[in-house]
Amino acid sequence: MKFNAHKWIKDFKYSKVNKVTSHQKKTSIREAFAPGDKWSNEFDYVGMLRFSAEMEIPEDLSQLSDPAFIQILKDLFESYTDVNYHTEAQDLGIAIDWIEDAVERDDVQKMRMELDRSTDYLESHKKAAAKTLKDIQR
């Protein structure tokens, strides 16, 4: 089935995108967004943006560099790029790069500086996601 962007925008504008239709109830189970989700006809765009906008950024630098947290960020980035939300994903990708570079550092001072820089980019990503979320929910 070909994706109809004009219909999607109209449905989204009138809050029909994230509602399950009777046809969807019969054919699929609608689930909330989870990092790593790929595009589908039932992709939860609002859930993806909300996930980012409400994301808790760890203040403890050891939690920020935790491999599980890094994997969540990578999966989130993959979801954004898979659905062509590259603008919103830009700062997220940069933050991931800073975190990965910091983890490889032996110099603790440089590691902290890079992790601090990554939090700035994560905050910027959260703001971009919140702005897009606000714009599409008008």
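- Scanning both residues, Val46 and Gln137, for their nearest heavy atoms gives CG1-NE2, 3.6 Å.
- Between the side chains of Ser52 and His125, a donor-acceptor pair is found at a separation under 3.5 Å.
- Proximity of a side-chain donor or acceptor of Thr132 to a complementary backbone N or O of Ala128 within less than 3.5 Å is detected.
- Other cluster members for Val108: none, since no ILVMFWY side-chain heavy atom sits under 4.5 Å from it.
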Between side-chain atoms of residues 94-107 and protein atoms elsewhere (two or more places apart, or another chain), which donor-acceptor pairs fall under 3.5 Å?
residue: Glu100; atom: OE2; partner: Lys74; partner atom: NZ; Å: 2.7
residue: Arg105; atom: NE; partner: Glu114; partner atom: OE1; Å: 3.3
residue: Arg105; atom: NE; partner: Glu114; partner atom: OE2; Å: 3.0
residue: Arg105; atom: NH2; partner: Glu114; partner atom: OE2; Å: 2.8
residue: Asp107; atom: OD1; partner: Gln109; partner atom: N; Å: 3.0

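- Listed for the Ser118 side chain is a donor-acceptor partner under 3.5 Å among the backbone atoms of Leu115.
- Under the 4.5 Å side-chain heavy-atom criterion for grouping Ile, Leu, Val, Met, Phe, Trp and Tyr, Tyr121 is not connected to Leu64 through any hydrophobic cluster.
- Leu49 and Glu88 get closest at one heavy-atom pair: CD2-CG, 4.4 Å.
- Residues Asp37 and Val83 fail the side-chain proximity criterion, which asks for heavy atoms closer than 4.5 Å.
- No side-chain donor-acceptor contact under 3.5 Å links Asp75 to the backbone of Gly36.
- A single hydrophobic cluster is seen to contain both Met48 and Ile136, as judged by linkage of ILVMFWY side chains at heavy-atom distances under 4.5 Å, directly or through other members.
- With hydrophobic clusters built from ILVMFWY side chains whose heavy atoms lie under 4.5 angstrom apart, Phe77 shares a cluster with Phe51.
- Not a single side-chain hydrogen bond (donor to acceptor under 3.5 Å, both in side chains) links Ser40 to another residue, sequence neighbours left out.
- In this structure, His86 and Asn84 have side chains that are in contact, with non-hydrogen atoms separated by less than 4.5 Å.
- Screening residues 55-68 for side-chain hydrogen bond (donor to acceptor under 3.5 Å, both in side chains), with sequence neighbours left out, gives Asp60-Ser62.
- A donor-acceptor pair is defined here as one N or O able to donate and one able to accept, closer than 3.5 Å; such a pair exists between the side chain of Thr119 and the backbone of Asp116.
- Atom CZ in Phe33 sits 11.5 Å away from atom OH in Tyr45 (nearest 0.5 Å).
- Asp91 contributes no side-chain N or O that, together with a main-chain N or O of Leu122, makes up a donor-acceptor pair within less than 3.5 Å.
- Residues satisfying the salt bridge (charged side-chain N to carboxylate O under 4.0 Å, His left out) criterion with Glu54, sequence neighbours excluded, are absent altogether.
- Taking hydrophobic clusters as Ile, Leu, Val, Met, Phe, Trp and Tyr residues chained together by side-chain heavy-atom distances below 4.5 Å, Leu133 shares a cluster with Ile57.
- Rounding to the nearest 0.5 Å gives a distance of 10.0 Å between CE of Met55 and CD1 of Ile72.
- Residues Tyr85 and Ser79 bring no donor and acceptor atom of their side chains to less than 3.5 Å of each other.
- In this structure Lys131 satisfies the salt bridge (charged side-chain N to carboxylate O under 4.0 Å, His left out) test together with Asp135, sequence neighbours excluded.
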